[in-house]
Amino acid sequence: MPAELRERLIELFRWIDPGPGSTHLVSDVSGWWRDPEVLAGLGPALVAPFRAARPTVVLAPAVTGLLVGPLAATALGVGFVPAHKPGDGRLPAGALTWAQSPPDFRGRRVDLAVRERHLDPGDRVLVVDDWVATGAQVRALYDICAARGAEPVGTAAVAVDCTPETAAELRIRGLVTGAELYG
């Protein structure tokens with residue numbers, strides 16, 4: 001990955017204090033989406049560690065995964081499959097394969113669904129997201145892949161903030177670390 005991209009990701013990232021009553025800061029990655037050079041570089045940088053695995057499709061969870069997933073798919077020359085969440089109000093019609101994540105960094109369990117007709121047995125799946133904190137949603141997406149007979153080849157994320165053990169177990173590779181963004 002070009003050093004300039006890593007530097008821009010760190011530079012454009014912000015922590016926002018939501019105000020009184022909040023117990024934590026909120027990450028603001030909107031600067032990444034506003035910068036055309038970052039957008040142009042994200043797809044190729046995310047997929048570089050996984051090219052040799054020859055993914056046949058990219059899978060990403062709503063909401064911000066729907067931004068980076070297509071960038072990665074385009075860089076690979078493969079299709080994109082969105083994973084939907086019931087809370088986003090846009091569940092697709094038709095047969096869905098569901099999985100529930102283990103508790104995430106807030107203790108929530110997230111339900112995810114993928115249209116069955118878009119994830120085939122034998123697909124080699126690259127999971128993509130903007131931020132991986134615990135790997136909870138990655139685990140749910142890997143469960144969906146297993147249920148469909150597809151093979152996850154790993155996960156590409158812009159920011160990786162999970163433990164090294166989780167990153168190794170789930171084959172997660174990132175462009176920046178959480179520590180770099182907490183800086």
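Everything quoted here is computed from the prediction, not taken from an experiment. Heads up: numbering here begins at 1 and tracks the sequence.
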With a 4.5 Å limit on heavy-atom distance, are the side chains of [X] and [Y] in contact?
X      : Y      : result
Leu181 : Val176 : yes
Asp161 : Thr177 : no
Phe80  : Val128 : no
Leu119 : Val57  : yes
Leu112 : Ile144 : yes
Glu180 : Arg6   : yes
Leu12  : Trp33  : no
Leu141 : Pro152 : no

key: Pairs meeting criterion salt bridge (charged side-chain N to carboxylate O under 4.0 Å, His left out) with involvement of residues 134-152, two or more places apart   = Arg124-Glu151, Arg139-Glu169
message = Counting the benzene-type ring for Trp, do Phe13 and Trp131 have ring centres under 6.0 Å apart?
response = yes
Linking I/L/V/M/F/W/Y whenever any side-chain heavy atoms sit under 4.5 Å apart, do [X] and [Y] land together?
X      : Y      : answer
Val127 : Val110 : yes
Leu71  : Val158 : yes
Val132 : Leu59  : yes
Leu39  : Val58  : yes
Val47  : Leu5   : yes

Check [X] against [Y] and note the closest heavy-atom contact, atom names and distance.
X      : Y      : value
Leu126 : Gly154 : CD1-O, 3.5 Å
Tyr142 : Arg171 : CE2-NH2, 3.8 Å
Leu46  : Ala156 : O-CB, 3.3 Å
Val114 : Pro82  : CG2-O, 4.1 Å
Pro70  : Leu67  : CD-O, 3.5 Å
Gly43  : Ala75  : C-CB, 3.5 Å

key: Side-chain donor-acceptor contact under 3.5 Å, Glu116 with Thr97   = yes
request  = State, without any angle test, whether Thr134 and Asp104 hold a side-chain donor-acceptor pair at a distance under 3.5 Å.
outcome  = no
task = Kindly say whether Ser30 contributes a backbone atom to a donor-acceptor pair with the side chain of Asp28 at under 3.5 angstrom?
result = yes
Spacing of [atom1] belonging to [X] relative to [atom2] belonging to [Y], to within rounding of 0.5 Å:
X      : Y      : atom1 : atom2 : answer
Arg115 : Arg117 : CZ    : CZ    : 5.0 Å
Ile10  : Tyr182 : CD1   : OH    : 13.5 Å
Leu96  : Asp111 : CG    : CG    : 11.5 Å

key: Qualifying residue for side chain to side chain contact (heavy atoms under 4.5 Å, CB included) with Leu175, from Val160, Leu42, Asp130   = Leu42
message = Could you go through Thr155 and Arg173, starting from their C-alpha distance and side-chain angles, then the distance that decides it, and tell me whether this counts as side-chain contact (heavy atoms from CB on, under 4.5 Å)?
response = CA-CA 6 Å; Thr155 296; Arg173 300 285 301 270; over 6 Å; no
query = Would you find more than 12 non-hydrogen atoms of other residues, nucleotides or ligands less than 6.0 Å from Arg34 atom CZ?
reply = no
query = Quick check: are there more than 12 heavy atoms from other residues, nucleotides or ligands sitting under 6.0 Å from CD of Gln100?
reply = yes
query = What residue pairs, at least two apart or across chains, pass side chain to side chain donor-acceptor pair (under 3.5 Å) with a residue in residues 10-21?
reply = Arg8-Glu11
